[in-house]
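Residue numbering restarts at 1 for every chain, and letters A, B, ... go by the order of the sequence lines. Since this is a predicted model, take the numbers as computed values, not measurements.
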There are 2 protein chains.
Amino acid sequence: MPGRDPIRLTENRRAVLEELRARHSHPTAEEVHRRVRARLPRISLATVYRSLDYLERHGLVDTVRDTEGRRRYDAAGDEHCHIQCEVCGRVADVRLTDKNCIERLVEESGGYEVTGHRLSFRGRCPECMRGSASALGGEAGGGWVVENETDEV
Amino acid sequence: MPGRDPIRLTENRRAVLEELRARHSHPTAEEVHRRVRARLPRISLATVYRSLDYLERHGLVDTVRDTEGRRRYDAAGDEHCHIQCEVCGRVADVRLTDKNCIERLVEESGGYEVTGHRLSFRGRCPECMRGSASALGGEAGGGWVVENETDEV
DNA sequence: ATAACTGCAAAACGTTTGCGTGTAT
DNA sequence: ATACACGCAAACGTTTTGCAGTTAT
């Protein structure tokens, strides 16, 4: 954890961050690269990785592993879970009011002190339930994992 | 999903499966390979991967991604979540009586039909809370994801 | 005789790193 | 002058695949 040092937002890092903030589609590094290159054609994939890593270390970006083991990125915000439609693949945010109760549930049933959990959902989105076989908009993927840290102390 | 064809358990596949059943430590493929080689010194890593894949496709093995994106394997059993101690690294099972209520919670809050979720915990185990800086028994790792399918219809 | 299984080596994939150059949130 | 950031190419660790030989839940 970088202590109190300022966050240096270079043009590259800013472009990466703004891309993530523009759409919350949880892209892979390569997808970020492809999109950011529209603005900065000379940016390399390695720099995108380094930028994402930097932004994550400074708390501006959250990361997540998908079912294939790829890392996916999102601009950090208030913590929430995700749900991915198994028909069209699109990802949406889920806001649960009382998430922490499930941690307490575990503490009561074992001897553990629970410091964090991960939770994500799969399902069918309203549009796809209406039968419109739909856009297949979301980029690939097949299931989501979202970290929900209680650590961080 | 292989329809009704019989499950062919060769010596290699049986050894892999029995290794997973013997200890529920959620090893990586390489760890499985290392252990199975004690019984079958000539088995290759590729065969272990193919066996794990075969066993998973036939419902005998569950897989999970760890935080580094590696796949981890476990003999399929009644569904449960896991918790990993962040001190000693050991993994334990968590049995929640009323898991499905969280899916219903999401359905009520959005328009989604929820067909599955993933849930896993992190924390400190009873022994490590007693200060015994402990065995560091569990193999590496840093956070767990466990699939909890409601699909499967 | 047939189909499935296996070992080996090589490829593929996502991600990280070393190096030399460029830049100055 | 100094520290950081970057592009490029090569390396890395995990997983998959092509091929040729073997086995037979």
Side-chain angles (χ1 to χ4, degrees), chain A residues 2-18 21 26-37 39-61 63-73 139-143 145, chain B residues 2-18 21 26-37 39-73 139-142 145:
Chain A
R4 284 275 154 271
D5 39 55
I7 296 179
R8 292 168 177 262
L9 278 194
T10 63
E11 189 178 14
N12 284 338
R13 290 176 187 162
R14 181 185 306 277
V16 166
L17 181 56
E18 286 179 357
R21 285 188 172 156
H26 305 80
T28 62
E30 211 178 329
E31 288 158 12
V32 173
H33 183 221
R34 206 167 52 239
R35 285 176 183 155
V36 166
R37 244 186 326 189
R39 276 169 64 180
L40 304 170
R42 297 189 30 75
I43 192 174
S44 73
L45 179 57
T47 294
V48 169
Y49 271 109
R50 277 191 275 234
S51 300
L52 289 167
D53 183 56
Y54 179 93
L55 293 169
E56 185 195 4
R57 282 191 332 265
H58 288 77
L60 297 172
V61 159
T63 96
V64 158
R65 292 269 175 188
D66 66 18
T67 42
E68 328 295 294
R70 272 168 273 151
R71 222 188 258 275
R72 289 179 176 264
Y73 302 86
E139 228 129 1
V145 190
Chain B
R4 284 274 154 271
D5 39 57
I7 296 178
R8 292 169 176 264
L9 277 193
T10 62
E11 189 178 14
N12 284 338
R13 291 177 187 160
R14 181 185 307 276
V16 166
L17 181 56
E18 286 179 357
R21 285 188 171 156
H26 305 79
T28 62
E30 211 179 330
E31 289 158 11
V32 173
H33 182 220
R34 204 165 55 237
R35 286 175 184 156
V36 166
R37 242 187 329 190
R39 276 170 65 180
L40 304 171
R42 297 188 31 76
I43 192 175
S44 73
L45 179 56
T47 293
V48 168
Y49 271 109
R50 279 191 275 234
S51 300
L52 290 166
D53 184 55
Y54 178 93
L55 293 169
E56 185 194 5
R57 283 193 330 267
H58 289 77
L60 296 173
V61 159
D62 287 336
T63 97
V64 157
R65 292 271 176 187
D66 66 19
T67 42
E68 330 293 295
R70 271 169 274 151
R71 222 189 258 276
R72 288 179 176 263
Y73 302 85
E139 228 129 1
V145 190

What is the nucleic acid contact for A/Glu11, judged by heavy atoms within less than 4.0 Å: base, sugar-phosphate only, or nothing?
-> nothing

Could you point out which residue of A/Arg72, A/Arg35, A/His33 forms a side chain to side chain contact (heavy atoms under 4.5 Å, CB included) with A/Pro27?
-> A/Arg35

Counting heavy atoms from C-beta on, name the nucleotide in D/dC19, D/dC8, C/dT15 closest to the side chain of B/Arg50.
-> D/dC19

Is it true that A/Glu18 and A/Arg39 have a side-chain N and a carboxylate O under 4.0 angstrom from each other?
-> yes

After noting the C-alpha distance and the side-chain angles of B/Glu30 and B/Arg70, does the key distance pass the side-chain contact (heavy atoms from CB on, under 4.5 Å) rule?
-> CA-CA 10 Å; B/Glu30 211 179 330; B/Arg70 271 169 274 151; over 6 Å; no

Given that both pair distances must be under 3.5 Å and the pair must be Watson-Crick or G-U, what runs of three or more consecutive pairs involve DNA chain C?
-> C:2-24 with D:2-24

Rounded to whole angstrom units, what separation is found between the CZ atom of A/Arg34 and the P atom of C/dG14?
-> 11 Å

Please check if any side-chain donor atom of B/Arg71 sits under 3.5 Å from a side-chain acceptor atom of B/Thr63, or the reverse.
-> yes

Test side-chain contact (heavy atoms from CB on, under 4.5 Å) applied to A/Thr47 - qualifying residues, sequence neighbours left out | A/Asn12, A/Ile43, A/Ser44, A/Ser51

Looking at the side chain of B/Ser51, which of D/dT15, C/dG14, C/dT6 is the nearest nucleotide?
-> C/dT6

Integer-rounded Å distance: C/dT16 C1' and A/Asp53 CG = 9 Å

Of the nucleotides C/dC5, C/dG7, D/dG7, which one has an atom closest to the side chain of B/Arg42?
-> C/dG7

Mind checking A/Asn12 for me? I need base, sugar-phosphate or nothing, with any heavy atom below 4.0 Å counting as a touch.
-> sugar-phosphate

A/Tyr54 versus A/Pro6, closest heavy-atom pair with distance | OH-O, 3.9 Å

